[in-house]
Amino acid sequence: SMSFRVALGVRPQVFDSARESADTATDSLQIVVDSPVLSAVQLASLTTQDRVPVREFAAVAPAPEGGLDAAALAAAIDALCDDVVAFARTSGGIAILSDRGISADRSALPMVFAVSAVNQRLITEGLRLRVSVIADSGQVESSHHLALLLGFGAAAVHPHTVARRAAEKFADDPDSAFDRWAKAAIKSLGKTMGRVGLCTVESYIGGEFFEPNFLDTTDEYLHPWFATLRSPAGGVGLEPIAALLNGAHAAAVSEPLDTDRDLPLLGLFKERAEGAGHSFGATAVRRWEEMNHGAGSGASGPNQHGAGKR
């Protein structure tokens, strides 16, 4: 059977030299949760307990009128990394990265980038075992987002927009509604873990079991955050991603939304002009067909890339 329990806090020291330098009065304490998907009550309990050090870090950045460029976005993520590293050095414990503080002049950092960047910096500084990272994020919309955040280093996740949605749609029993989402997400996560032969979520956390298609991990900004990953097909750097984030932030704070129909159609599930998700895929498929067409025998016709004769 699979285990989804997660221990939060400074990891126990294995080597004698590390034990001698550790503060055993605090470093040996951990909090164990049954699932990496935290409810609002569980997150609040973590922030108010006093047995394991915990600190919240704002995963947001100033949003100037013209929007963030790649350099400013990278600087904001690097500053977040500096703060978490300082916390790891002074006390260690639980670091909560939260994107709740968005406003007209403050935009959310992309949480996958932030988590991966923090994870890599802690590894580089030799402090990874001193911090458990929790993502308190509104960017978790599906089990895939959960798998990404855990895979890039988060020990647990609280999807606060899912919790608010449960409260809005199921006011009579929002806790049960949230639990149903969490159970479905964990079931999907278990299938993902099974594909790579893992039966404990703590073995999955930080394993980076992904191939970053269409993301240029050699980009000067992205490479330190995804140092161990290579994209066989290449992809975009941080600059166009920053532009997309600026557009999403501007749309989110421009006008109040009355109903679901006021939300923009992003093209995540169906191709949309200037949409996201499938738009990148459609472009890649067209380029792939052009490459194959150029490398072929020069024959043309409707059956060359279709379901015609081979």
Side-chain touch Phe170/Arg180, heavy atoms, less than 4.5 angstrom: yes
Between Glu141 and Arg165, is there a side-chain N and carboxylate O pair less than 4.0 Å apart? no
For Ile77 versus Ala114, what's the shortest heavy-atom pair and its separation? CG2-CA, 4.4 Å
Do Pro12 and Gln30 come close enough that some side-chain heavy atom pair is under 4.5 Å? yes
Verdict with supporting geometry, Val85 and Leu122, side-chain contact (heavy atoms from CB on, under 4.5 Å): CA-CA 6 Å; Val85 166; Leu122 289 171; 4.1 Å; yes
Go through the steps to decide whether Arg89 and Glu125 satisfy the test salt bridge (Lys or Arg N to Asp or Glu O under 4.0 Å), and finish with yes or no. CA-CA 10 Å; Arg89 290 191 190 282; Glu125 299 289 340; 2.6 Å; yes
Beyond-backbone contact of Arg230 with Glu211, side-chain heavy atoms, under 4.5 angstrom: no
Pairwise distance CD(Glu56) to CD1(Ile94) - rounded to 0.5 angstrom: 12.5 Å
Honestly curious: do Val196 and Leu150 fall in one hydrophobic cluster under the side-chain, below-4.5 Å linking rule? yes
Okay, side chain of His145, backbone of Ser142: is any donor-acceptor separation there less than 3.5 Å? yes
Do Leu29 and Phe87 sit in the same hydrophobic cluster, where Ile, Leu, Val, Met, Phe, Trp and Tyr count as joined when their side-chain heavy atoms come under 4.5 Å apart? yes
Nearest-0.5 Å distance, OG1 of residue Thr47 to CG of residue Asp50: 11.5 Å
On a heavy-atom basis, which atom in Asp216 and which in Gly235 lie closest, and how many Å separate them? CB-O, 3.4 Å
For Leu238 and Ala70, the nearest pair of non-hydrogen atoms, with its separation, is CD2-O, 3.5 Å
Under a 3.5 Å distance rule, please check whether Ser188 uses its side chain to pair with a backbone N or O of Ala185 as donor and acceptor. no
Quick one, Arg130 with Leu127, criterion side-chain contact (heavy atoms from CB on, under 4.5 Å). Give me CA distance, side-chain angles, the key distance, then yes/no. CA-CA 5 Å; Arg130 294 193 55 78; Leu127 299 168; 4.0 Å; yes
Rounded to the nearest 0.5 Å, what's the gap from CG on Leu189 to NE2 on His144? Could you check? 12.0 Å
Main-chain N/O of Ala63 paired to Ser107 side chain as donor or acceptor, under 3.5 Å: no
In chain order, what residues pass the side-chain contact (heavy atoms from CB on, under 4.5 Å) check against His160, with sequence neighbours excluded? Asp99, Arg100, Asp136, His158, Arg164
Donor-acceptor pair, side chain of Gln139 and main chain of Met111, under 3.5 angstrom: yes
I'd like to know if the side chain of Glu202 reaches the main chain of Ala7, judged simply by a donor and an acceptor atom lying under 3.5 Å from each other, with no hydrogens or angles considered. yes
For Ile102, the hydrophobic cluster (side chain heavy atoms closer than 4.5 Å, chained through members) also holds Val60
In sequence, state the C-alpha distance, the side-chain angles, and the governing distance for Thr161 and Val140, and then conclude on side-chain contact (heavy atoms from CB on, under 4.5 Å). CA-CA 8 Å; Thr161 49; Val140 183; 6.0 Å; no
With a 3.5 Å distance limit and no angle check, can you tell me whether Gln42 reaches the backbone of Ser39 through a side-chain donor-acceptor pair? yes
Just say parallel, tilted or perpendicular for the rings of Phe210 and Phe152, cut-offs at 30° and 60°. parallel
Separation between CG of Leu97 and CG of Leu149, rounded to the nearest 0.5 Å: 9.5 Å
Indicate yes or no: at least one non-hydrogen side-chain atom of Val118 is less than 4.5 angstrom from one of Trp225. no
Assigning hydrophobic clusters by single linkage (Ile, Leu, Val, Met, Phe, Trp, Tyr; side-chain heavy-atom cutoff under 4.5 Å), is Val6 placed with Met2? yes
Would you say Tyr204's side chain and Cys199's backbone share a donor-acceptor pair under 3.5 angstrom? no
Which atoms form the tightest heavy-atom contact between Ala171 and Pro174, and what is the distance? O-CD, 3.5 Å
List for me each residue that meets side-chain contact (heavy atoms from CB on, under 4.5 Å) alongside Gln49, sequence neighbours excluded, and say none if there are none. Ile31, Arg51, Val52, Val54
Minimum-distance pair of heavy atoms, taken over all atoms of Ile186 and Ser35: CD1-OG, 3.6 Å
Would a 4.5 Å heavy-atom cut-off, applied to side chains only, mark Val236 and Phe214 as touching? no
Picking from Leu46, Ile96, Val157, what satisfies side chain to side chain contact (heavy atoms under 4.5 Å, CB included) with Leu38? Leu46
Taking C-beta and beyond as the side chain, do Asp82 and Arg121 meet within less than 4.5 Å on heavy atoms? yes
Partner set under ring-ring contact (aromatic ring centres under 6.0 Å, His included) for Tyr221, not counting sequence neighbours: none
Is Thr192 close to Phe209 at the side-chain level, that is, under 4.5 Å between some pair of heavy atoms? no
Could you list the residues that satisfy side-chain contact (heavy atoms from CB on, under 4.5 Å) with Thr228, not counting sequence neighbours? Glu208
Checking Asp105 now: which residues fulfil side-chain hydrogen bond (donor to acceptor under 3.5 Å, both in side chains) with it, not counting sequence neighbours? Ser103
Apply side-chain contact (heavy atoms from CB on, under 4.5 Å) to the pair Val33 and Phe4, showing each step before the final yes or no. CA-CA 9 Å; Val33 293; Phe4 295 97; over 6 Å; no
Check: Val115 main-chain N/O paired with Asn119 side-chain donor or acceptor under 3.5 Å: no
Identify the heavy atoms of Pro212 and Ser231 that sit nearest to each other, and give their distance. O-OG, 2.9 Å
For residues Phe178 and Asp173, determine if any side-chain heavy atom of one lies less than 4.5 Å from a side-chain heavy atom of the other. no
Does the Ser116 side chain pair with the main chain of Val112, one donor and one acceptor, at a distance under 3.5 Å? no
